[in-house]
Protein chains: 2
Amino acid sequence: MAWDTAKTKRLLLDAAVDEFAAYGPEGARIDRIAAAAGVNKERIYPYFGGKRQLFAAVIQRELEQLAAAVPMEEADGRAVDLPEYAGRVFDYHHDHPHLLRLLQWEALYGDAAAPVAGEERRAAHYAEKLAAVSRARRGEVDSARAGVPLAPEELLYAVVALVGWQFAAPQLARMILGAAVDEDPAARRAAVVDMVRRLAL
Amino acid sequence: MAWDTAKTKRLLLDAAVDEFAAYGPEGARIDRIAAAAGVNKERIYPYFGGKRQLFAAVIQRELEQLAAAVPMEEADGRAVDLPEYAGRVFDYHHDHPHLLRLLQWEALYGDAAAPVAGEERRAAHYAEKLAAVSRARRGEVDSARAGVPLAPEELLYAVVALVGWQFAAPQLARMILGAAVDEDPAARRAAVVDMVRRLAL
DNA sequence: GAAGCCACCAACCCGCCGGTTGGAATCGGG
DNA sequence: CCCGATTCCAACCGGCGGGTTGGTGGCTTC
């Protein structure tokens with residue numbers, strides 16, 4: 001039954017996601033990860049090299065899962081409209097609270113000036129989203145309304161910010177929105193979708 | 001010359017702000033704080049009790065400074081309009097990048113369920129802001145436009161989220177907005193103000 | 001000038017934790 | 001059946017860092 005190196009790596013990564021999300025790259029404990037994975041901690045070093053590399057591997061894998069899970073286009077090729085997309089992003093973060101925590105740890109620990117690992121891949125991913133937004137908005141904006149529409153980058157930024165904030169800083173969101181933040185996610189989702197709709201007009 | 005206990009406390013707090021903002025409550029080093037303050041590290045214990053309490057004291061002081069620095073009403077009592085308020089919040093965080101980092105560390109380390117220190121004071125502060133928004137919006141919304149206006153809580157939330165995101169997660173914002181995030185803060189400010197204006201209509 | 005607090009210095013204690021090592025089982029391929 | 005790679009176990013090392021302590025000198029107050 002042993003001899004399945006891919007499985008041991010996966011077990012370690014699975015445990016590492018929880019541990020790093022909870023305690024960060026510094027606070028995470030190698031022993032806890034190994035214990036939770038049911039694997040001996042020394043296995044980490046031949047496979048990943050060390051704590052920091054394991055953290056990087058965790059982030060990498062989680063980002064790939066996100067990219068695959070929330071597409072901007074339907075399976076049939078039709079573009080998803082932006083408020084609906086915002087709703088899906090909300091759902092994803094609601095169901096996978098680990099990811100944003102990991103990204104926050106990364107933001108706090110990383111050198112602000114230095115690029116993060118896998119930056120070009122991530123940037124390419126967002127460039128795609130951006131192009132999709134532009135395409136979807138062509139002709140969709142309310143031409144009856146005066147004024148220029150928002151730039152696609154700004155719209156996409158707003159989606160991420162409005163969705164992300166309450167997951168990234170729940171203690172601050174609670175100050176403004178009250179306990180509803182935790183208690184009524186459906187209402188929060190609707191509110192965010194509504195705001196994005198107003199911005200997209 | 002000596003004998004100024006208030007000054008030593010202040011020196012320690014000043015140094016602690018930088019250290020905690022940079023490294024977080026775990027990564028911060030007592031020795032570095034003391035060295036930066038030009039004070040002996042043992043002084044921390046009689047004054048603050050320990051590392052964690054020092055961190056709490058730091059957050060407390062920074063929040064009080066924020067509350068004092070960005071009022072919702074002018075000195076003459078007139079209400080500040082919301083987009084303008086968003087601009088001021090932006091300016092504050094741009095000039096004081098420590099605060100959001102501290103709050104992020106707090107969010108990541110704190111037990112999500114447990115209330116944070118000084119929660120009631122902070123909540124009261126936001127309740128005031130909320131009341132001010134409601135007052136300012138009375139009659140200001142564009143009644144010619146169809147549809148119900150956004151709730152004040154949502155508006156205030158949007159202000160904080162849209163402003164805060166790029167400071168809290170600069171590496172993510174850069175993926176969408178490009179290098180402009182760091183290079184052209186004035187343009188970012190204008191963009192955020194514009195989005196808030198659209199939402200406030 | 002005596003008492004008492006404040007600050008400095010320097011060393012020390014002690015627990016924690018990332019990473020290492022050596023040895024013994026286990027399993028696959030040839 | 002034997003070689004080589006995988007895993008487990010257990011103990012260990014070494015550095016780091018929060019917190020403590022004992023001793024010294026200075027300032028303020030009474």
Side-chain angles (χ1 to χ4, degrees), chain A residues 1-61 101-102 105-106 108-111 117, chain B residues 1-61 101-102 105-106 108-111 117:
Chain A
M1 197 40 176
W3 222 230
D4 190 347
T5 79
K7 182 178 179 184
T8 14
K9 281 175 82 168
R10 213 202 61 234
L11 286 172
L12 281 172
L13 275 175
D14 289 343
V17 170
D18 292 344
E19 178 75 9
F20 278 123
Y23 303 104
E26 190 116 350
R29 297 292 164 237
I30 292 283
D31 312 54
R32 276 201 296 254
I33 294 175
V39 171
N40 264 280
K41 68 169 181 171
E42 8 135 39
R43 292 290 89 203
I44 289 172
Y45 300 92
Y47 280 151
F48 300 97
K51 204 194 201 186
R52 301 199 77 82
Q53 288 99 312
L54 180 57
F55 181 71
V58 162
I59 287 215
Q60 196 67 28
R61 200 185 60 159
R101 286 184 66 93
L102 290 169
W105 287 117
E106 183 190 46
L108 285 172
Y109 274 98
D111 186 350
Chain B
M1 188 47 158
W3 223 229
D4 191 346
T5 81
K7 181 178 180 183
T8 24
K9 281 174 81 168
R10 213 202 62 233
L11 287 172
L12 282 171
L13 276 175
D14 290 342
V17 170
D18 293 344
E19 179 75 10
F20 278 123
Y23 303 104
E26 190 116 351
R29 297 291 166 240
I30 293 282
D31 312 54
R32 277 200 296 254
I33 294 175
V39 171
N40 263 281
K41 68 169 181 172
E42 12 141 56
R43 293 290 89 205
I44 289 172
Y45 300 93
Y47 281 151
F48 300 97
K51 204 194 199 187
R52 302 199 76 84
Q53 288 98 312
L54 180 57
F55 181 71
V58 162
I59 289 215
Q60 196 66 29
R61 201 185 59 160
R101 285 184 66 93
L102 290 169
W105 288 117
E106 182 190 46
L108 285 173
Y109 275 98
D111 185 350

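Lettering follows sequence order; numbering is per chain, from 1.
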From NZ of B:Lys7 over to P of D:dC27, roughly how many Å is that when rounded to an integer? 14 Å
CD of A:Gln53 versus P of C:dG19: gap in Å, rounded? 8 Å
OP1 or OP2 of C:dC5 versus the side-chain N and O atoms of B:Thr5: is any pair under 4.0 Å? no
I'd like to know if the side chain of A:Lys51 and the backbone of A:Pro25 have a donor-acceptor N/O pair within less than 3.5 Å. yes
Residue met sooner reading DNA chain C from 5', once B:Gly38 and A:Gly27 are mapped to nucleotides: B:Gly38
Within the distance-only criterion (no hydrogens, no angle test), does the side chain of A:Glu19 pair as donor or acceptor with the backbone N or O of A:Ile30 below 3.5 angstrom? no
Are A:Tyr47 and D:dT7 close enough that a side-chain N or O sits under 4.0 Å from OP1 or OP2? yes
May I ask you to verify if any side-chain N or O of A:Asn40 is less than 4.0 angstrom from the OP1 or OP2 atom of D:dC9? yes
Look at all strands and tell whether B:Ala28 reaches a base, only sugar-phosphate, or nothing, counting heavy atoms closer than 4.0 Å. sugar-phosphate
Do the side-chain N or O atoms of A:Thr8 get closer than 4.0 angstrom to the phosphate oxygens (OP1, OP2) of D:dT7? yes
Under 3.5 Å, is there any donor-acceptor pair linking the side chain of A:Lys51 to the base of C:dG19? no
Under the criterion side chain to side chain contact (heavy atoms under 4.5 Å, CB included), which of B:Phe48, B:Trp105, B:Tyr109 is the partner of B:Phe55? B:Trp105
Ion pair B:Arg101/B:Asp18, N-O distance below 4.0 Å: no
Residue closer to the 5' end of DNA chain C, A:Glu42 versus A:Glu26 (nearest nucleotide): A:Glu26
Here the distance between atom C1' of C:dC17 and atom CD1 of A:Ile33, to the nearest Å, is 12 Å
So, is B:Arg43 near the phosphate of C:dC6, with a side-chain N or O under 4.0 Å from OP1 or OP2? no
If the cut-off is 4.0 Å, is A:Arg29 near the phosphate of C:dC16, judged by side-chain N/O to OP1 or OP2? no
What's the NZ-P distance between A:Lys41 and D:dT7, to the nearest Å? 17 Å
